[in-house]
Amino acid sequence: MANGKLWGGRFSNQSAAWIDEFGASISFDQEMAHEDLAGSIAHAQMLKKTGIIPAEDAAKIIAGLQDLQADLQNNQLEFKTSLEDIHMNIETILTAKIGPVAGKLHTARSRNDQVATDLHLYLKNRLPEIIAVLHDLQVVLVKKAAANVETIMPGYTHLQHAQPISYAHYLLAYYEMLQRDIERFEFNIKHTDINPLGAAALAGTTFPIDRAYTTELLDFSVPYSNSLDAVSDRDFVLEFLSNASILMVHLSRFCEEIILWCSYEFGYLELDDSYSTGSSIMPQKKNPDMAELIRGKSGRVFGHLQSLLTTMKGIPLAYNKDMQEDKEGVFDTVKTLIPSIKIFTGMIETLKIKQDKMLHATERDFSNATELADYLASKGMPFRQAHGIVGELVLAGIQSNRTLQEIPFAKLKQISPLIEKDIYDKLTSKQAVSRRNSFGGTGFAQVKEQVALAAEKLNITL
């Protein structure tokens with residue numbers, strides 16, 4: 001063939017090396033070498049079973065591919081840019097090993113269904129790992145929550161003190177977010193667990209292939225029912241990148257709070273030295289660099305999602321070369337996601353919580369104002385009226401530098417005869433938190449119940 005390509009029969013000219021390099025994907029799609037070999041072995045086994053190629057040829061091909069699997073495991077496969085992609089590289093290496101019979105492997109198959117199969121297998125192999133490390137993070141959060149049910153911290157809205165809450169309640173909020181992340185990835189498995197192999201280029205094949213057999217061999221649930229969809233579909237990749245982006249939003253928000261709360265101004269938390277760095281010029285610095293890196297890495301994951309959405313939006317059916325751009329973002333997201341989750345898990349596990357500082361922050365503010373308003377409402381005063389009265393008390397307290405619990409009883413009684421001396425107990429942070437026992441609330445009894453339910457779901461003993 002004039003241009004030296006496996007597909008070059010109808011070409012008379014050879015492209016320049018720099019053009020070949022621009023079009024090649026082997027620099028990144030070699031990441032799917034394991035999956036490409038697994039798919040090829042399954043295809044060869046199917047060709048043998050159906051008698052599409054002679055059994056002895058199939059056996060030789062399968063043995064050669066298994067040898068390549070061992071070579072891959074030992075880092076002994078060398079890939080060339082001139083061979084474009086992982087599929088052509090594997091076929092060329094196989095041909096050098098077993099001879100021209102290797103060319104029969106591509107019978108009833110196209111690179112279109114081959115690459116789709118590889119990508120399905122790649123994600124199918126990694127989604128359970130992502131779910132597993134998320135589970136490990138949940139375990140750490142729940143154990144940390146169990147040890148801090150009665151650790152009181154300021155709850156915030158608009159980054160302003162709102163109401164005191166249990167630190168365990170705060171941690172469980174992120175546990176719930178991660179649970180939704182896990183469920184999204186589990187649903188992603190459903191759309192990843194479909195076999196494109198056998199769709200060929202786009203229209204299926206004239207050979208009597210057995211798609212149910214390759215589906216079984218590759219441990220897919222079902223084959224695609226439409227060959228055009230099989231080679232065109234990248235929804236499962238978009239789902240993955242979307243799910244990954246939502247997860248990174250959760251980790252980034254958590255990191256933002258860690259970064260704030262480790263600062264001198266807050267002082268609620270201290271990161272372990274192994275998750276912090278120093279300054280080259282300021283000896284006193286202890287920087288939350290791992291949290292900042294995870295927060296920063298969210299941007300690259302979001303970018304991969306936006307990139308593929310933009311790539312896919314204008315592509316007509318079926319396969320187009322644009323779709324070569326679907327892989328680098330996936331590979332990078334997997335390599336970003338798993339280490340980020342593992343680092344975050346260790347960071348939370350070794351986190352030092354400054355309980356006294358958190359509690360103190362709720363004792364010199366007015367985050368108990370709702371307690372007084374609720375107290376008056378429980379005595380029969382319309383809540384809106386109670387809200388107005390307490391608002392005026394807060395303003396007076398700010399002006400006189402006194403908290404609500406420092407206002408003399410006589411003054412409170414003057415404001416409303418409904419107020420009794422028990423109000424001072426109800427205004428304490430501990431009471432404010434413990435009394436909020438509506439379902440899902442921050443009350444200690446509720447939080448303990450939620451911790452127990454989470455532990456049961458995670459199958460751990462506290």
Side-chain angles (χ1 to χ4, degrees), residues 1 5-11 25 29 32 35-65 68 83-95 98-122 124 191-237 315-324 326:
M1 286 174 274
K5 308 293 186 184
L6 294 180
W7 42 260
R10 61 96 65 219
F11 288 79
S25 59
D29 69 10
M32 302 189 301
E35 287 76 18
D36 195 74
L37 287 165
S40 291
I41 289 172
H43 185 65
Q45 289 173 321
M46 183 276 295
L47 294 175
K48 177 182 177 182
K49 175 178 180 289
T50 55
I52 293 173
I53 65 173
E56 59 271 23
D57 290 345
K60 187 178 290 188
I61 290 169
I62 292 166
L65 289 168
L68 296 190
L83 295 172
E84 297 183 34
D85 56 34
I86 188 59
H87 324 299
M88 301 299 243
N89 269 270
I90 292 292
E91 184 175 336
T92 300
I93 296 170
L94 180 66
T95 301
I98 67 172
V101 70
K104 293 188 176 184
L105 174 61
H106 210 55
T107 307
R109 185 175 73 168
S110 162
R111 279 191 294 177
N112 293 356
D113 63 338
Q114 190 177 356
V115 68
T117 302
D118 289 0
L119 195 50
H120 274 270
L121 287 172
Y122 176 87
K124 179 178 163 64
H191 291 155
T192 304
D193 198 17
I194 310 175
N195 182 19
L197 192 59
L202 76 161
T205 177
T206 58
F207 291 96
I209 61 173
D210 187 342
R211 295 192 64 206
Y213 185 56
T214 56
T215 297
E216 178 186 345
L217 290 174
L218 293 171
D219 195 31
F220 282 116
S221 292
V222 292
Y224 274 89
S225 57
N226 184 290
S227 61
L228 203 57
D229 183 41
V231 298
S232 305
D233 175 31
R234 292 300 183 270
D235 291 357
F236 68 103
V237 180
I315 296 181
L317 298 180
Y319 185 83
N320 298 265
K321 189 68 168 178
D322 317 46
M323 293 166 75
Q324 184 169 292
D326 63 356

* **H191/D235 under side chain to side chain donor-acceptor pair (under 3.5 Å): CA gap, chis, key distance, verdict** => CA-CA 8 Å; H191 291 155; D235 291 357; over 6 Å; no

* Asked: Where do Q114 and H106 land on the side-chain contact (heavy atoms from CB on, under 4.5 Å) test, with the steps shown first?
  -> CA-CA 10 Å; Q114 190 177 356; H106 210 55; 3.6 Å; yes

* Is there a side-chain contact (heavy atoms from CB on, under 4.5 Å) between I90 and L65 once you walk through the steps? -> CA-CA 9 Å; I90 292 292; L65 289 168; 4.3 Å; yes

* Are I209 and T50 close enough, and set up right, to give a side-chain contact (heavy atoms from CB on, under 4.5 Å), and what steps lead you there? -> CA-CA 7 Å; I209 61 173; T50 55; 5.7 Å; no

* Chi angles and distances behind the side-chain contact (heavy atoms from CB on, under 4.5 Å) call for I53, I61 -> CA-CA 11 Å; I53 65 173; I61 290 169; 4.0 Å; yes

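Heavy-atom contacts from other residues, nucleotides or ligands closer than 6.0 Å to NZ of K124 number more than 12.
For the residue pair V231 and A318, the shortest heavy atom distance occurs at CG2-CB, 3.7 Å. Taking every heavy atom of both residues into account, S110 and A201 meet most closely at CB-N, 3.3 Å. The heavy-atom pair separating P223 from I194 by the smallest distance is C-CG2, 3.8 Å. The minimum heavy-atom distance between D118 and H87, with the atom names listed, is OD2-CE1, 3.1 Å. The two atoms that bring R234 and D326 nearest to each other are NE-OD2, 2.5 Å, heavy atoms only. Between N195 and F220, the shortest heavy-atom distance links the atoms CB-CD1, 3.4 Å.
The aromatic rings of H120 and F236 sit parallel to each other, their planes meeting at less than 30°, with 60° as the upper class boundary.
One side chain, D233 or Y224, offers a donor N or O that lies under 3.5 Å from an acceptor on the other. In summary, the side chains of T205 and R109 do not present any donor paired with an acceptor at a separation below 3.5 Å, with no hydrogens or angles considered.
For residues 197-208, no pair satisfies salt bridge (charged side-chain N to carboxylate O under 4.0 Å, His left out), with sequence neighbours left out. Legend: salt bridge (charged side-chain N to carboxylate O under 4.0 Å, His left out) pairs involving residues 40-54, not counting sequence neighbours, sorted by first then second residue: K49-D210. Here salt bridge (charged side-chain N to carboxylate O under 4.0 Å, His left out) pairs that include residues 213-226, with residues two or more places apart or in two chains, number zero.
Inter-residue side-chain proximity for L317 and D229 is flagged as unmet; no heavy-atom pair is nearer than 4.5 Å. Between V115 and Q324 there is no side-chain heavy-atom pair separated by less than 4.5 Å. Residues L68 and I93 are in side-chain contact: their nearest non-hydrogen atoms beyond the backbone lie under 4.5 Å apart. A 4.5 Å side-chain heavy-atom check between S40 and L105 finds at least one atom pair inside the cut-off.
Remark: S232 OG to I315 CD1 distance equals 9.0 Å, nearest 0.5 Å. Note that CD of E35 and CG of L218 are 10.5 Å apart. Values are rounded to the nearest 0.5 Å. Rounding to the nearest 0.5 Å places CE of M88 at 7.0 Å from OG1 of T92. Atom CG in N89 sits 4.5 Å away from atom CG in L83 (nearest 0.5 Å). To the nearest 0.5 angstrom, L47 atom CG is 9.0 Å from F207 atom CZ.
At least one donor-acceptor pair closer than 3.5 Å links the side chain of T117 to the backbone N or O of L197. Not one N or O on the side chain of D36 forms a donor-acceptor pair closer than 3.5 Å with the backbone of M32. Looking at D57, its side chain never comes within 3.5 Å of a backbone N or O of V101 through a donor-acceptor pair.
Taking a cutoff of 4.0 Å between a charged side-chain nitrogen and a carboxylate oxygen, E91 and R111 do not qualify as a salt bridge.
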